[in-house]
Protein chains: 2
Amino acid sequence: MRRYSCPVEFAVDTLGGKWAVVILAQLKEGSSRYGELRRLIPGITEKMLTQRLRELEAAGLVERTVESGLPLAVSYSLADDSLRPVLQALYDWGGARAAQVGAEIEPPARR
Amino acid sequence: MRRYSCPVEFAVDTLGGKWAVVILAQLKEGSSRYGELRRLIPGITEKMLTQRLRELEAAGLVERTVESGLPLAVSYSLADDSLRPVLQALYDWGGARAAQVGAEIEPPARR
DNA sequence: CTTCTCACGCACCAGAAAGTACGTACTTGA
DNA sequence: TCAAGTACGTACTTTCTGGTGCGTGAGAAG
């Protein structure tokens, strides 16, 4: 895709596949470390997590910070607040819709 | 996917692939006929358009109405206003982001 | 001395999503 | 009579996302 016919098409394209949005949604709650994200998003593989994080970082949507020291501590956070309303809207709609349809949503414990 | 760990994951899953959201975004402007959608979303194939519309209809997100008469006139519209804020947020963010990044967005003429 | 965690990287493969191409049944306009 | 529009359907192929599994190197814990 190079030329877009509508902003939404562009948005969908830059946000990418199913995992990117989920990762961003977690990061809107505050910055998280790699392993923390893994726990918060059960079902995602390490490969996908790393891959998406790299892409989101390259796109400038996510900020990666290494707190040097051993063992390594790497945190990720939203690079741009402008995404917040989008993620919030999705979150709200998803919640309401899940309730209507009767889908099970069980967030893992945030430790 | 059967069980979700967060509403956003659920939302992404029900909204599905890249085209569904674009179609919905067009429908938020008002109801459109099949051929109209085709013009409004250049790049989509007829197969994809039909397929997505069927799915969105089955999910209860889109309403299909046949105005009988020949030739056929079928219109589609949003079945639920609750999606509007989501689509609007995406639209706004996409627009702002495109401006920042310098992406070209050329909406086709609405006739 | 082995195992565990942290934060990844790489190679390979399967399945799903999307694209290509063509057909249908009817009607209007040139 | 022929093309074109309306609203699809179907078969086949390609692309591409995502999953599996294995390796890394350093320190901490048993």
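Naming: A, B, ... by sequence-line order, numbering from 1 per chain.
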Comparing A/Lys47 with B/Leu53, nearest DNA chain D nucleotide closer to 5' gives the residue B/Leu53
With the side chain defined as heavy atoms from C-beta on, A/Tyr34 is closest, among C/dG19, C/dC8, D/dC8, to C/dC8
Rounded to whole Å, the CE-C1' distance (A/Met48 to C/dC12) equals 13 Å
B/Tyr76 has its side chain closest, among D/dC8, D/dG18, C/dG19, to D/dC8
Applying ring pair (Phe, Tyr, Trp, His ring centres under 6.0 Å) to A/Tyr76 and not counting sequence neighbours gives none
Point to revise | C/dT5 phosphate, OP1 or OP2, under 4.0 Å from A/Arg38 side-chain N/O | key: no
In this structure, CZ of B/Arg97 is separated from OG of A/Ser82 (nearest 0.5 Å) by 8.0 Å
Rounding to 0.5 Å, atoms NZ (A/Lys28) and CG (A/Leu90) come to a distance of 10.0 Å
Winner on side-chain proximity to B/Arg64, out of C/dG9, D/dA7, D/dT20, is D/dA7
note: B/Glu57, atom CD; D/dC8, atom P; distance rounded to Å ~ 9 Å
Separation of D/dA7 atom P from B/Ile44 atom CD1, nearest Å, is 15 Å
Rounded to whole Å, the CG-C1' distance (B/Leu49 to D/dC8) equals 10 Å
From CZ of A/Arg39 across to P of C/dT5 the rounded distance in Å is 10 Å
Rounded to whole Å, the CG-C1' distance (A/Asp13 to C/dA18) equals 14 Å
Between CD of B/Glu67 and P of D/dT6 the distance, given in whole Å, is 14 Å
With A/Trp19 as partner, the option from A/Leu53, A/Thr45, A/Ile44, A/Leu56 fulfilling side chain to side chain contact (heavy atoms under 4.5 Å, CB included) is A/Ile44
Looking only at C/dA7, D/dG19, D/dA7, the nucleotide nearest the B/Ala73 side chain is D/dA7
query: Is the distance from OP1 or OP2 of D/dT6 to the nearest side-chain N or O of B/Arg33 less than 4.0 Å?
result: no
Between B/Ser75 and B/Tyr34, is the side-chain hydrogen bond (donor to acceptor under 3.5 Å, both in side chains) condition met? List the steps.
CA-CA 6 Å; B/Ser75 343; B/Tyr34 179 87; over 6 Å; no
- Message: Just by distance, no angles: are the side chains of B/Ser32 and B/Gln26 close enough, under 3.5 Å, to form a donor-acceptor pair?
- Response: no
What's A/Gln51 touching, base or sugar-phosphate or nothing? Going by heavy atoms closer than 4.0 Å. nothing
The reported gap from OG in B/Ser5 to CD1 in A/Ile105 (rounded to nearest 0.5 angstrom) is 8.5 Å
Whole-Å distance, A/Glu46 CD to C/dA11 P, equals 18 Å
A/Arg52 side-chain N/O to C/dC8 phosphate OP1/OP2 under 4.0 Å
no
Axis-to-axis angle for the helix from C/dC1-D/dG30 to C/dA30-D/dT1, ends of five pairs each, to 10°, equals 10°
